[in-house]
Number of protein chains: 2
Amino acid sequence: MMSNPNKRSRMPTIKDVAKKASVSVGTVSRVLADNDTVKEDLRKRVLSAMRELNYKPNLAARALRTNSIDVVGLIVPDITNPFFAQLAKNIEMEAATRGQSVMLANSHDDPDTERTQVSALHDRAVSGIFVVAATDGSRPFTADIPIVSLDRRYGSYPLVATDQRDGSRKLAAHLHDLGHRKIAYIAGPEGMGVSRERRDGFVEQIEKLTSDDDPVELAIYHGDFSYDAGEAIGRLILESSPSERPTAIAAASDQQAIGVMRSARDLRINVPQDLSVTGFDDIALASLVVPRLTTLRQPIEDMASGAVERIFLPTEEQTDFAIRGSLVVRQSTAPPPSRD
Amino acid sequence: MMSNPNKRSRMPTIKDVAKKASVSVGTVSRVLADNDTVKEDLRKRVLSAMRELNYKPNLAARALRTNSIDVVGLIVPDITNPFFAQLAKNIEMEAATRGQSVMLANSHDDPDTERTQVSALHDRAVSGIFVVAATDGSRPFTADIPIVSLDRRYGSYPLVATDQRDGSRKLAAHLHDLGHRKIAYIAGPEGMGVSRERRDGFVEQIEKLTSDDDPVELAIYHGDFSYDAGEAIGRLILESSPSERPTAIAAASDQQAIGVMRSARDLRINVPQDLSVTGFDDIALASLVVPRLTTLRQPIEDMASGAVERIFLPTEEQTDFAIRGSLVVRQSTAPPPSRD
DNA sequence: CTGAAAGCGCTTACAG
DNA sequence: CTGAAAGCGCTTACAG
């Protein structure tokens with residue numbers, strides 16, 4: 001009879017180690033826990049027994065006893081979104097430094113799926129869950145484990161995100177500095193917190209820089225964060241006559257901005273000579289398009305470390321954490337064309 | 001005294017359910033397992049007790065008993081690579097249909113990290129591990145749990161991947177059909193299985209279509225799969241005089257192909273009028289660049305389902321699975337310019 | 001400082 | 001068909 005080849009062969013247990021080292025299992029467990037007070041020679045015996053047997057603690061047993069496993073959950077709307085992929089990578093790296101693995105799930109931007117995912121992770125007794133809330137309004141799950149919102153607020157859980165207003169202000173100031181006085185702003189989906197923040201920051205800064213003898217014209221559009229929305233709105237904006245149309249378009253995401261650049265190319269409008277374009281995020285593609293995109297770099301590493309740090313803090317110390325991004329000036333922005 | 005707010009409140013156990021339903025824990029466990037033979041009225045009592053208590057089985061305890069958890073591991077070189085992100089998403093979806101969660105790790109293309117990750121997942125007693133092997137030569141881990149190679153062979157574990165040769169043949173035939181007789185092929189890194197397969201398939205097909213009175217000139221280049229490599233090699237190829245240079249460039253990845261298109265734009269060579277370009281993979285970006293890229297679509301959904309299916313098969317049935325991709329003709333290819 | 005023992009919450013032979 | 005009981009591999013008071 002063949003044994004099932006998929007069956008894990010019997011692994012050495014703490015008991016085997018104890019026997020080989022002639023100590024009790026308690027002692028083995030203590031050296032495992034790096035416990036203060038195990039006499040050096042016992043400790044050595046145990047360690048070498050572990051090595052000889054190639055002992056690895058059974059994580060499920062430990063989890064059962066301590067009711068916690070070294071796993072954190074991460075839920076994103078869609079891992080194929082380059083920004084979330086970048087975030088996931090950094091969360092994974094940051095978690096790894098703390099000996100935590102990460103369980104990944106996609107909510108597909110669907111609130112019900114999201115809820116199911118959170119609940120499933122909760123059932124698995126993960127140490128904490130990071131969630132990038134779905135665009136379309138979450139139905140947050142009330143869990144008795146730490147949850148941290150990433151990028152977008154999930155329920156009323158603490159939020160780690162870029163300071164959206166500050167970022168938009170920097171972009172607005174950059175365009176104004178270059179001399180643009182007729183600007184279009186493409187915002188994200190209406191009603192989404194992130195969209196609102198970015199838009200308000202931009203408007204705020206423009207208003208601040210506007211005076212009676214140096215007026216700025218600012219038009220606002222809305223669309224989702226995608227390439228396609230950017231392209232459609234870009235076309236809409238740019239189809240007006242050269243004297244009518246803005247000299248700069250600021251988009252609420254890099255993807256939108258790249259869409260805008262495509263529409264400009266279709267209409268034979270040169271970026272940046274005839275039109276400046278800015279994005280937001282600094283996804284990898286931003287520096288790969290031609291011309292390379294001026295944008296606001298989200299401090300993803302800091303977001304990841306801030307989020308991971310918070311998830312292990314006592315709940316009452318889990319405050320919001322807004323991190324300032326940095327302006328990255330590339331080739332998609334320039335002074336406006338001179339007009340006579 | 002405040003209790004720690006992070007402590008999970010005591011969850012109802014199988015014992016609580018048993019008591020409430022006035023049955024033994026064994027019986028509860030049996031209804032949990034959807035076990036054949038629990039008399040209907042007991043079954044009902046148990047079910048309603050579970051509902052009332054909002055009982056959720058403790059997965060760690062179950063894992064300890066059965067020595068397996070409903071989790072699979074996935075290791076990719078880099079989740080920010082759009083192809084791997086797409087793959088991860090599909091694996092996650094496919095695993096979800098089987099009630100499995102997925103644990104994600106990045107190897108950063110580093111064989112040692114990869115090994116550590118596989119080992120860590122193994123320690124967690126996952127049901128199986130998918131690995132997209134690191135580019136730079138893995139040092140495979142011998143595990144007593146199922147492992148399936150995805151896209152690139154890991155050790156000697158069964159491989160689920162696109163039929164690379166077939167895909168390249170299709171691209172070669174497409175270019176030849178259009179009339180191209182002077183073609184450059186940019187292969188992936190030398191020594192990598194995938195690179196070799198794609199290249200050989202291409203060469204094979206071209207040779208097959210070549211005859212004495214209809215010769216084809218084919219030049220081969222090598223570089224990694226990145227945008228930058230594509231751009232650099234593209235420039236190298238295209239800097240020769242118009243009569244010297246190829247009328248088509250086939251790249252071993254979409255990223256390379258997009259790089260090639262950038263170099264063409266810099267050199268004011270029009271795609272596809274003066275130069276046809278093809279990629280491989282069909283990443284999302286392929287249909288977003290201008291002109292949209294003709295490429296070979298990897299059947300990612302099929303790869304995901306094939307891989308997940310295999311991981312739950314007995315080892316001896318875990319055969320390789322090569323899936324044919326499909327040619328996606330877009331605007332980056334056209335007949336060669338007519339020359340006098 | 002160390003050992004013996006209880007117990008985490010399940011599943012599964014074993015009886016009946 | 002169901003219950004009583006053993007046991008998965010750990011950790012952690014409790015003694016000494």
Sugar-phosphate only, base, or nothing, as touched by B:Leu59 at under 4.0 Å among non-hydrogen atoms: nothing
Any A:Tyr154 side-chain heavy atom under 4.5 Å of A:Val118 side chain: yes
5'-most by nearest nucleotide on DNA chain D - B:Ser24 or B:Leu64: B:Ser24
Dot-bracket encoding of pairs in DNA chain C, which uses [ ] for pseudoknotted crossings and | for another strand, Watson-Crick or G-U under 3.5 angstrom: |||.||||||||.|||
Residue mapping more 5' on DNA chain D - nearest nucleotide basis, B:Gly26 or A:Thr27: B:Gly26
Charged N-O contact under 4.0 Å between B:Asp320 and B:Arg153: yes
Side-chain (B:Gln318) to main-chain (B:Leu313) donor-acceptor, under 3.5 angstrom: yes
Short side-chain donor-acceptor distance under 3.5 Å, A:Ser24 and A:Thr27: yes
Sugar-phosphate only, base, or nothing, as touched by B:Ser29 at under 4.0 Å among non-hydrogen atoms: base
Donor-acceptor side-chain pairing of B:Glu92 and A:Asn106 below 3.5 angstrom: yes
Report all side-chain donor-acceptor pairs from residues 50-62 of chain A shorter than 3.5 Å, counting only partners two or more places apart or in another chain.
from, atom 1, to, atom 2, distance (Å)
A:Lys56, NZ, B:Asp123, OD1, 3.3
A:Asn58, OD1, A:Ala60, N, 2.8
A:Asn58, OD1, A:Ala61, N, 2.9

Sugar-phosphate, base or nothing in reach of A:Thr13, heavy atoms under 4.0 Å: sugar-phosphate
Residue pair A:Ser101 / B:Arg124, side-chain donor-acceptor N/O under 3.5 Å: yes
Positional range of nucleotides in DNA chain C within the contact set of chain B, heavy-atom, under 4.0 Å: C:dG9 to C:dA13
Side-chain donor-acceptor pair present, A:Thr80, B:Gln86, cut-off under 3.5 Å: no
